[in-house]
Amino acid sequence: MKLFSWNVNGLRAGLKKGTFLQFLAQENPDILCLQETKAKIDQVEIDLPDYEEYWNSAERPGYSGTAIFSKIPAQDCCVEFDAALQQKYSWHDDAYGNPLSEGRLQISEFEHFYLINVYVPNSKRDLSRLKLREQIWDPALLAQLQLLEQKKPIVICGDFNAAHTDIDLARPKQNQHNAGFTPEERQGITNLIDAGFIDTFRALHPTDVRYTWWAHFAHARENNIGWRIDYFFISKSLLPHLKSAEIYEDILGSDHCPVSIELEF
């Protein structure tokens with residue numbers, strides 16, 4: 001079973017350019033998780049008869065959003081944190097909106113695992129959403145995973161909007177206190193790993209210097225001045241089933257590139 005994750009930075013733009021359908025034809029994923037779709041389902045003209053479609057679009061037009069396209073029908077799919085977690089944390093509107101209405105979470109149940117597709121809020125250049133990340137989103141997400149893991153193993157993927165360690169970005173010293181590499185954001189990923197979730201790419205490629213996102217300016221992609229901020233994490237119990245974890249830097253169409261894992265059951 002081959003699972004892909006890709007922040008497409010606008011699905012309609014990818015369809016218009018032809019890059020999205022070219023990717024699907026080339027890689028033929030069994031399950032594809034998308035982030036930053038920037039569209040509602042009725043705004044996208046796409047015909048994928050082999051795939052079931054699951055959408056969680058933001059209330060705000062042209063913003064954020066996630067989707068899952070799967071050849072294997074999900075047993076269940078929801079787009080909300082557990083009710084107790086919604087009550088426990090102080091979710092509220094900020095200058096950008098309410099993170100619970102931004103289409104950032106999908107939880108799908110399959111035979112062997114829960115699949116969680118996430119588009120983690122960006123802390124913003126002025127770090128105005130850093131406290132949201134540190135105090136609400138990251139701990140709520142970890143708590144959600146631990147609730148689900150009591151029933152089935154976890155596969156979680158998506159754009160985490162943070163590089164974990166120095167090897168995960170081209171210029172760590174210059175970015176120590178910038179969005180995407182603050183101690184608080186990095187700690188959120190450390191907390192996932194300390195809770196037993198495996199960074200699949202790092203597990204199979206412990207020293208590889210590879211990136212999944214490049215800034216639009218200064219020819220960052222051409223010069224490979226990038227960040228690894230897109231991940232697949234899995235429960236430890238799934239590690240024996242993990243056959244590959246890959247990054248596809250050559251696939252264009254977004255400022256991110258796809259990442260994948262292969263699981264064998």
Side-chain angles (χ1 to χ4, degrees), residues 1-80 96-110 114-122 155-161 212-217 220-221 229-232 246-262:
M1 180 188 298
K2 204 159 190 181
L3 297 88
F4 275 77
S5 175
W6 193 9
N7 178 321
V8 290
N9 192 16
L11 181 55
R12 286 173 291 179
L15 288 167
K16 187 175 181 179
K17 289 182 283 190
T19 51
F20 181 74
L21 292 179
Q22 182 180 354
F23 153 75
L24 273 184
Q26 177 180 319
E27 300 299 335
N28 193 29
D30 294 302
I31 302 175
L32 170 61
C33 295
L34 302 178
Q35 304 86 43
E36 207 170 359
T37 53
K38 295 184 178 180
K40 300 183 186 299
I41 187 170
D42 59 359
Q43 296 177 309
V44 176
E45 293 184 14
I46 187 169
D47 182 22
L48 301 174
D50 293 337
Y51 290 90
E52 299 287 335
E53 298 180 24
Y54 307 94
W55 290 75
N56 185 16
S57 300
E59 290 181 6
R60 175 178 161 188
Y63 180 71
S64 188
T66 51
I68 298 174
F69 297 165
S70 179
K71 291 183 177 180
I72 306 151
Q75 296 175 5
D76 190 28
C77 191
C78 71
V79 296
E80 295 180 337
Y96 303 96
N98 188 309
L100 293 182
S101 67
E102 294 174 348
R104 296 186 177 276
L105 176 72
Q106 292 181 287
I107 301 169
S108 295
E109 182 179 359
F110 294 92
Y114 282 104
L115 173 64
I116 296 87
N117 180 26
V118 292
Y119 180 32
V120 176
N122 188 304
V155 175
I156 177 170
C157 67
D159 176 2
F160 282 74
N161 263 312
T212 67
W213 174 80
W214 301 262
H216 286 296
F217 53 83
R221 190 157 188 168
I229 62 175
D230 302 88
Y231 301 84
F232 268 96
E246 299 296 341
I247 294 173
Y248 300 82
E249 299 96 329
D250 295 336
I251 293 180
L252 305 178
S254 169
D255 51 350
H256 296 249
C257 73
V259 298
S260 78
I261 60 171
E262 186 173 0

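These numbers come from the heavy atoms of this one structure, side chains and all, not from hydrogens, waters or symmetry mates.
The list of ring pair (Phe, Tyr, Trp, His ring centres under 6.0 Å) pairs with a residue in residues 14-38, not counting sequence neighbours, reads Phe4-Phe23, Trp6-Phe23.
Here Leu115 contributes atom CG and Cys157 contributes atom SG; the two are 5.0 Å apart, rounded to the nearest 0.5 Å. Remark: His256 NE2 to Asp159 CG distance equals 4.5 Å, nearest 0.5 Å. Taking CG from Leu24 and CG from Asp50, the interatomic distance works out to 10.0 Å, rounded to the nearest 0.5 Å. The CD1 atom of Ile46 sits 10.0 Å away from the OH atom of Tyr51 when rounded to the nearest 0.5 Å. Taken to the nearest 0.5 Å, the OH atom of Tyr119 stands 14.5 Å off from the CG atom of Leu105. Taken from CG in Asn161 to CG in Asn122, the straight-line distance is 4.5 Å, to the nearest 0.5 Å.
Listed for the Thr66 side chain is no donor-acceptor partner under 3.5 Å among the backbone atoms of Asn117. Judged by distance alone, with hydrogens and angles left aside, the side-chain atoms of Asp255 form no donor-acceptor pair with the main-chain N or O of Ala215 at under 3.5 Å. Panel note: side chain Glu36, backbone Asn9; no donor-acceptor pair is recorded below 3.5 Å.
Counting heavy atoms from C-beta on, the side chains of Trp55 and Lys40 never come closer than 4.5 Å.
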Ignoring hydrogens and angles, write down the donor-acceptor pairs under 3.5 Å from the side chains of residues 68-78, residues two or more places apart or on other chains.
residue, atom, partner, partner atom, Å
Ser70, OG, Ile72, N, 3.1
Ser70, OG, Ile72, O, 2.6
Lys71, NZ, Asn28, OD1, 2.5
Gln75, OE1, Lys152, NZ, 3.3

Atom pairs and distances, side-chain donor-acceptor, residues 10-18, under 3.5 Å, sequence neighbours left out:
residue, atom, partner, partner atom, Å
Arg12, NH2, Lys38, O, 2.7
Lys17, NZ, Gly253, O, 3.2

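When only modelled atom types and interatomic distance are considered, Asn56 and Gln106 share no side-chain donor-acceptor pair under 3.5 Å. Judged by distance alone, the side chains of Ser260 and Tyr248 do bring a donor and an acceptor atom under 3.5 Å apart.
In the displayed structure, Gln26 atom CD is contacted under 6.0 Å by more than 12 heavy atoms of other residues, nucleotides or ligands. Other residues, nucleotides and ligands contribute at most 12 non-hydrogen atoms within 6.0 Å of the CD atom of Glu59.
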